[in-house]
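Take a look at the structure below.
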Amino acid sequence: MSGGANSVDVAIVGGGIMGAATALRLAQRGVKVAVFERGAIASEQSSRAWGFIRQQGRHEAEVPLAAEANGLWTELTALHGQPATGFTRGGILVPAETEADEERVVVAGHETAAKYGLNSRILNAAGIREIVPEFSGQWRSALYTAADAHGEPALATRTIAAAAKAAGAAIHENTPVLAVETSAGSVSGVVTRAGTWKAPVVLLANGIGAPALASQLGLELPIQIVKSSVGQTLSSAPFTQVAMWTPRVAFRPRGDGSFVIGNGYRGVGVDYELTIDSLRSMRHFLPAYRLNWRLMRLTIGPDFIHQLRAKLSREASVQALPEPAVNSRKVAHNLTRLNELFPHLGGVGLEKSWAGRLDLTPDAIPIIDRSASVSGLFIAAGFSGHGFALGPSLGKQLSEWIADGRPSIDLSPFRLSRFAEGIVHSAKKAL
């Protein structure tokens with residue numbers, strides 16, 4: 001164990017759900033752990049997520065983590081109370097409108113679900129109406145997983161962070177990490193604005209900020225920053241607890257009768273802004289770009305300038321990016337589609353909207369690894385907009401890997417070396 005006031009066993013960079021969940025598990029094991037967050041806990045992507053807690057419709061590599069997380073969300077909610085997480089087991093429904101939709105999201109999704117023993121079912125049109133009678137449209141079929149759920153991302157992340165603190169973890173907000181120190185090829189600590197903390201283990205769980213710190217250590221993380229715009233409707237009389245991902249809009253119901261709305265499963269759904277890091281790792285993304293170029297619009301904006309400054313100044317590398325601009329056109333489109341699906345709402349209006357930056361990998365599954373070149377360095381980044389649900393499981397698995405030397409679930413599909421090896425999963429699914 002480490003000693004000294006500014007010495008810990010594990011330093012975690014990033015106070016989102018991955019960092020908080022890992023800190024909780026480590027603290028419960030008696031490990032001296034500290035979380036360093038450049039802003040407030042859950043102030044970045046962990047406060048911008050849609051809030052789906054799903055097992056279905058995932059890449060096969062993620063399904064064991066999603067299944068474990070589903071049970072852990074239940075335990076967390078039983079311990080802290082439903083108001084502390086927003087966890088609602090209302091099921092998730094993915095309907096198919098066309099034959100192509102059906103093959104992509106229903107048939108393929110059910111095959112994966114059956115392989116891993118999930119309780120997903122294929123519903124016909126009558127079965128869909130039975131689950132959500134108010135749902136309008138002509139639907140061929142749907143994939144439905146009753147055990148899937150949704151929650152409140154910012155609320156749940158703060159609850160987990162508070163539990164970690166109560167278990168003994170140190171939580172340092174407004175304390176950006178400027179660099180990871182090494183000695184003789186091993187991690188030795190982190191340099192923050194508040195001083196240096198000694199630590200033989202460092203976990204980079206800081207999302208879009210991970211590539212900059214990793215590059216200081218000679219590691220390239222092929223992560224592209226993309227932006228997603230989300231809306232929340234005005235409240236109406238609650239009528240369903242089922243969340244849906246439809247061809248043209250995704251939504252989850254909230255307890256007050258409002259809906260959080262995002263993009264459907266057809267099309268890109270996110271905005272791409274080129275950065276210095278994305279240009280450096282462009283070769284990894286080219287297959288996806290070639291497949292989807294008609295749906296994409298690449299731009300250069302504030303994020304490019306921010307990263308350029310960061311290359312010239314270590315201080316600039318950890319400064320919070322300006323609030324991302326909302327794509328109002330996409331939010332308006334999604335609101336229109338929601339109202340078409342539920343005409344009984346009478347044209348519910350928009351209460352607010354926001355945008356978030358996602359750390360996208362070329363194959364849209366995360367990088368979860370222990371560095372082969374820098375001993376004591378762990379990475380958990382690139383969750384591509386669907387990491388919230390996995391948080392409790394990843395916290396458990398990373399704590400096992402750090403404390404015991406190996407996780408209980410095989411994490412090798414998420415290794416960083418897959419990109420150099422050319423073992424990159426379907427690029428089309430990344431977009």
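Computation of the quantities below employed the complete heavy-atom set of this structure, encompassing side-chain atoms and omitting hydrogens, waters and symmetry-equivalent molecules.
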Side chains of D9 and V33 in contact at under 4.5 Å (non-hydrogen atoms): no
Counterpart residues, ring pair (Phe, Tyr, Trp, His ring centres under 6.0 Å), relative to Y144 (two or more places apart): none
About how many Å separate CD of Q397 and CG of D410, when rounded to the nearest 0.5 Å? 10.0 Å
Answer yes or no: is there a donor N or O on one side and an acceptor on the other, between the side chain of T175 and the main chain of E173, under 3.5 Å? yes
Non-hydrogen side-chain atoms of L93 and L123 separated by less than 4.5 Å: yes
Is any side-chain N of the basic residue among R29 and D404 closer than 4.0 Å to the acidic one's carboxylate O? yes
Sidechain N-carboxylate O distance under 4.0 Å for R266, D101: yes
Mind checking the OG1-NE2 spacing from T159 to H80? Nearest 0.5 Å is all I need. 7.0 Å
Taking C-beta and beyond as the side chain, do V132 and M244 meet within less than 4.5 Å on heavy atoms? yes
Under 6.0 Å between the ring centres of W197 and F36? yes
Would you check if there is a donor-acceptor pair between the side chains of S215 and E220 at a distance under 3.5 Å? no
Shortest non-hydrogen contact between T157 and G16, atoms and distance: CG2-C, 3.7 Å
Where the side chain of D359 meets the backbone of A381, is there a donor-acceptor pair that is under 3.5 Å apart? no
Closest non-hydrogen contact found for A205 with G19 is CB-N, 4.1 Å
Any side-chain to backbone donor/acceptor pair from K32 onto S7? Under 3.5 Å, distance only. yes
Contact summary for T240 and V242, nearest pair of heavy atoms: OG1-N, 3.0 Å
Tightest non-hydrogen contact, residues E37 and G15, listed as OE1-N, 2.7 Å
With heavy-atom distances below 4.5 Å as the criterion, would you say the side chains of L360 and I225 are in contact? no
side-chain contact (heavy atoms from CB on, under 4.5 Å) evaluation trace for T145 with I92: CA-CA 6 Å; T145 306; I92 295 179; 5.6 Å; no
Ignoring hydrogens and geometry, is there a side-chain-to-backbone donor-acceptor pair from R58 to R54 under 3.5 Å? yes
Any side-chain donor-acceptor pair under 3.5 Å between T77 and T85? yes
Taking 4.0 angstrom as the limit, do R38 and E44 come out as a salt bridge? yes
Looking only at side-chain N and O atoms, does E102 offer a donor or acceptor that is under 3.5 Å from a partner on S141? yes
Any donor-acceptor pair under 3.5 Å linking the side-chain atoms of R89 with those of T74? yes
Evaluate the criterion salt bridge (charged side-chain N to carboxylate O under 4.0 Å, His left out) for residue pair E99 and R104; output intermediate values, then yes/no. CA-CA 9 Å; E99 186 175 352; R104 174 188 174 190; over 6 Å; no
Write down the atom of L76, the atom of P392, and the distance for their closest heavy-atom approach. CD1-CG, 3.8 Å
Could you tell me whether a side-chain N or O of W50 sits under 3.5 Å from a main-chain N or O of A250, the two making a donor and an acceptor? no
Less than 4.0 angstrom from a charged side-chain N to a carboxylate O is my criterion; do E323 and R48 meet it? yes
Hits for side-chain hydrogen bond (donor to acceptor under 3.5 Å, both in side chains) against S371, two or more places apart or cross-chain, chain-then-number order -> S373
Tell me yes or no: between the side chains of H386 and E62, is some donor less than 3.5 Å from an acceptor? yes
Gap between atom CZ of R418 and atom CG of D363 - 0.5 Å precision: 4.0 Å
Pair listing, salt bridge (charged side-chain N to carboxylate O under 4.0 Å, His left out) test, anchored in residues 377-392, at least two apart: none
Nearest 0.5 Å, please: how far is CD in Q241 from CD1 in I131? 12.5 Å
Using the rule given for salt bridge (charged side-chain N to carboxylate O under 4.0 Å, His left out), can you reason through R121 versus E130, listing the C-alpha separation, both sets of side-chain angles and the distance that settles it, and then say yes or no? CA-CA 13 Å; R121 295 187 288 140; E130 183 178 339; over 6 Å; no
Do V106 and V94 touch side chain to side chain, with heavy atoms closer than 4.5 Å? no
Just verifying a value: how many Å separate N119 CG and D148 CG, rounded to the nearest 0.5 Å? 7.5 Å
Qualifying salt bridge (charged side-chain N to carboxylate O under 4.0 Å, His left out) pairs with a residue from residues 381-400, counting only residues at least two apart or across chains: E68-K396, K396-E400
Contact summary for P153 and A49, nearest pair of heavy atoms: CG-O, 3.6 Å
Expected output: side-chain S43 to main-chain I41 donor-acceptor under 3.5 Å: no
Nearest 0.5 Å please: distance from the CD1 atom of I379 over to the CG atom of L416. 5.5 Å
Is any side-chain heavy atom of E103 less than 4.5 Å from a side-chain heavy atom of T98? no
Determine yes or no for a side-chain-to-main-chain donor-acceptor pair under 3.5 angstrom, with N70 supplying the side chain and A66 the backbone. no
Which is it for F259 and R252 under the side-chain contact (heavy atoms from CB on, under 4.5 Å) test, yes or no, and what are the steps along the way? CA-CA 6 Å; F259 290 88; R252 70 167 171 92; over 6 Å; no
Are the side chain of E152 and the backbone N or O of G86 linked by a donor-acceptor pair below 3.5 Å? no
Report the C-alpha distance between T361 and L221 in whole Å, list the side-chain angles of each, state the deciding distance to 0.1 Å, and finish with yes or no for side-chain contact (heavy atoms from CB on, under 4.5 Å). CA-CA 9 Å; T361 63; L221 304 186; over 6 Å; no
Those residues that, when tested against F388, pass ring pair (Phe, Tyr, Trp, His ring centres under 6.0 Å) (two or more places apart): W73
Donor-acceptor pair, side chain of S375 and main chain of S186, under 3.5 angstrom: no
Run M18 and L204 through side-chain contact (heavy atoms from CB on, under 4.5 Å) and show every step you take. CA-CA 10 Å; M18 298 304 164; L204 299 184; over 6 Å; no
Donor-acceptor under 3.5 Å (S399 side chain, G395 main chain): yes
Are the side chains of V190 and V202 in touch, meaning some heavy atoms are under 4.5 Å apart? yes
Listed partners of E60 passing salt bridge (charged side-chain N to carboxylate O under 4.0 Å, His left out), at least two apart: K115
Using a 4.5 Å cut-off on heavy atoms from C-beta on, say whether the side chain of T196 contacts that of E181. yes
